[in-house]
Amino acid sequence: MRFEIRRLDEVDGTTVDCTVVDAASVNRIVQQAAAVGQRLWIRPAENQTA
């Protein structure tokens, strides 16, 4: 499963950065964000066919 992760602005909560990662990467990204106090929004990514 893949997840969309958005990094949010500290002041107004708007999206600063967006990436789609596999489930194995989510924990690492959450740990990194928590270490520096970043706000994240995480949701399942929509299936996209190439």
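Since the model is a prediction, treat every value here as computed from it, not as a measurement. We count residues from 1, following the sequence as given.
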Could you pull out the closest heavy-atom pair between L8 and G13, with the gap in Å? CD2-O, 3.5 Å

Ignoring hydrogens, what is the shortest heavy-atom contact between R6 and C18? Give both atom names and the distance. CG-SG, 3.9 Å

Any link between M1 and V30 through a network of hydrophobic side chains (Ile, Leu, Val, Met, Phe, Trp, Tyr) touching at under 4.5 Å? yes

State yes or no: do V21 and I42 share one hydrophobic cluster built from I, L, V, M, F, W and Y residues joined by side-chain heavy-atom distances below 4.5 Å, directly or via other members? yes

Verdict with reasoning, I5 to D17, per side-chain contact (heavy atoms from CB on, under 4.5 Å): CA-CA 8 Å; I5 299 178; D17 181 30; over 6 Å; no

How long is the gap from CD on Q38 to CD on Q32, to the nearest 0.5 Å? 8.5 Å

CD1 of I29 to OG1 of T19: how many Å apart, nearest 0.5 Å? 6.0 Å

Show the numbers, then the answer: is there a side-chain contact (heavy atoms from CB on, under 4.5 Å) between L40 and R7? CA-CA 5 Å; L40 300 178; R7 295 185 195 278; 3.7 Å; yes

Does the side chain of E4 reach to within under 4.5 Å of the side chain of P44, using non-hydrogen atoms? no

